[in-house]
Amino acid sequence: MSKEQTSSPRETVTIIDNSTGKQVELPLYRGTEGPAVFDIGGMAKQLGIYTYDPGFRSTASCQSAISLIDGPAGRLLYRGYPIEQLAEHSSFLEVCYLLWYGSLPNQQELEKFTYSITHHTLLHEGLREFFQGFRYDAHPMAIMVGVVGALSAFYHDSLDIHNPKVRELSAHRLIAKLPTIAAWAYRYSKGEPFPYPRNELSYGENFLHMMFSYPTEPYKVNPVAAKAMDLLFLTHADHGQNASASTIRLAGSSQANPYACVSASVGTLWGPAHGGANEAVIRMLEEIGSPDRLDYFIARAKDRDDPFRLMGFGHRVYKNYDPRAKIIKKLCDEVLAAYETDDPLFTLAKQLEERVQQDEYFVKRGLYPNVDFYSGIILRTIGIPTNMFTVVFTIGRAIGWIAQWNEMITDNQTSIGRPRQLYTGPAQRDYIPLADR
Ligand code: ACO
């Protein structure tokens, strides 16, 4: 909310505490699109009560101009631009510029930005050693959490969060270095050499080169794979106040440094209810194995007493088809055709989607494939191992996190995130000495 909005609200919502008869009139704000919000900031002082909303189902935690999700219509905008148009005409680095700076770059701005990202891809040599401390079979997301956090120990010159130039440098470094960290996490798990980035390659090509090249022979990047990587990064770049975006805002509200905050978001993304779902989808499809087992797994997903859920289906905000899933499903067709392969898991995934769309349980609850449902099939085809899927998501989403963090720092309404609670523990009681218990 702008200052103007906060000082002269035109619309209000009245809250009445029926137990005391006290009431409070609260300002209502409307954004450019999406549901309005009413500001409960002054409520506790006047009524002496708090709101209760676990999971933030009805609560806006901040104002943001970065991305808009229109759940009922299945629409996603980055800075006002529909994801479909960006997927068709833009590139990941152009989208990074858009998300960070707020508008599309002209040719010169894009070239300067691309140059900067390309020239920050190397890691401090001390960080190479850092990888060696992990167990040989560590999950690459565990390595990501550790190495991203460790950046704050290697880049001391970008820790002044109050300096806009320094924040910009941190953002460039994060976008540039994440593919290097990610690829090296994979190479470490294989006991293989860590290839250095190459400046003549595009962002997506460079990631593939660091994932798959060997110093002993030339490596040619498959252009279909490079295009797919770029589009996957682009479609994952930002998504409103999801769990990992909210994590960076909460961590950052304490004025912690950006690398520590991004590391917290990486940890949040890892969970199977969030970014870990792309890995979980493939494991689920492998477990289902064949079409004749679909009935059994669909029945389990519908059973309230069974914790099993169909991975890659459902979303807190979308109760319609996730627009990113549409783009990715089409990309999946293209990649499989280009690789001339017929992945049986893709056929099974399409059969599962078809079955789910005819099933009242899923239709009634608005459960459609989300971004994670088809992305794993593309990554598998390109040769990315399953435990790297969430890492790929991390590379794409880092720009969203750091843009959300920057927006939070520059918002004059920001204060340390500090939710209240409904206390249900014992009321005050006296300590009983050990001998008397
Ligand atoms: N399979 C079966 N049932 C489901 C699924 C699913 N995948 N998702 C939701 N439901 C059911 C719930 O059991 C609930 O049923 P009920 O009304 O009878 O109690 C109803 O649909 C509403 O679900 P909620 O749990 O209230 O939805 P919520 O918004 O809390 O959860 C979430 C959203 C976490 C994404 C959930 O749909 C899920 O677990 N999906 C599978 C994991 C997944 O794909 N995660 C990736 C999300 S996208 C992303 O983070 C990039």
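When reading the values below, keep in mind they use all heavy atoms of this one structure, side chains included, and skip hydrogens, waters and symmetry mates. Numbers here simply count residues along the sequence, with the first being 1.
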Those residues at least two apart in sequence (or on a different chain) that pass side-chain contact (heavy atoms from CB on, under 4.5 Å) with Q46 are V24

Which side-chain hydrogen bond (donor to acceptor under 3.5 Å, both in side chains) pairs, counting each pair once, include a residue from residues 363-375, with sequence neighbours left out?
-> E353-Y374

Do NZ/NE/NH1/NH2 and the carboxylate oxygens of D160 and R167 come within less than 4.0 Å?
-> no

More than 12 foreign heavy atoms under 6.0 Å from OH of Y52: is that the case here?
-> no

Side chains of N387 and E279: is there a donor and an acceptor less than 3.5 Å apart?
-> no

With sequence neighbours excluded, residues passing side-chain contact (heavy atoms from CB on, under 4.5 Å) with I40 = L26, F38, M43, T51

Begin from the C-alpha positions of Q357 and Y321 and carry the test side-chain hydrogen bond (donor to acceptor under 3.5 Å, both in side chains) through to its verdict.
-> CA-CA 11 Å; Q357 281 180 348; Y321 215 101; 5.0 Å; no

Only pairs under 3.5 Å count here: list side-chain donor-acceptor contacts from residues 147-154, not counting sequence neighbours, and write none if there are none.
{"residue": "S152", "atom": "OG", "partner": "G149", "partner atom": "O", "Å": "2.6"}

Are Q241 and S61 linked by a side-chain donor-acceptor pair shorter than 3.5 Å?
-> no

Residue among F194, Y136, Y188 satisfying ring-ring contact (aromatic ring centres under 6.0 Å, His included) with F131 = F194

Scan for ring-ring contact (aromatic ring centres under 6.0 Å, His included) pairs involving residues 248-276, sequence neighbours excluded, and state none if there are none.
-> H139-W270

Of all residues at least two apart in sequence or in a different chain, which pass the side-chain contact (heavy atoms from CB on, under 4.5 Å) check with A338?
-> V224

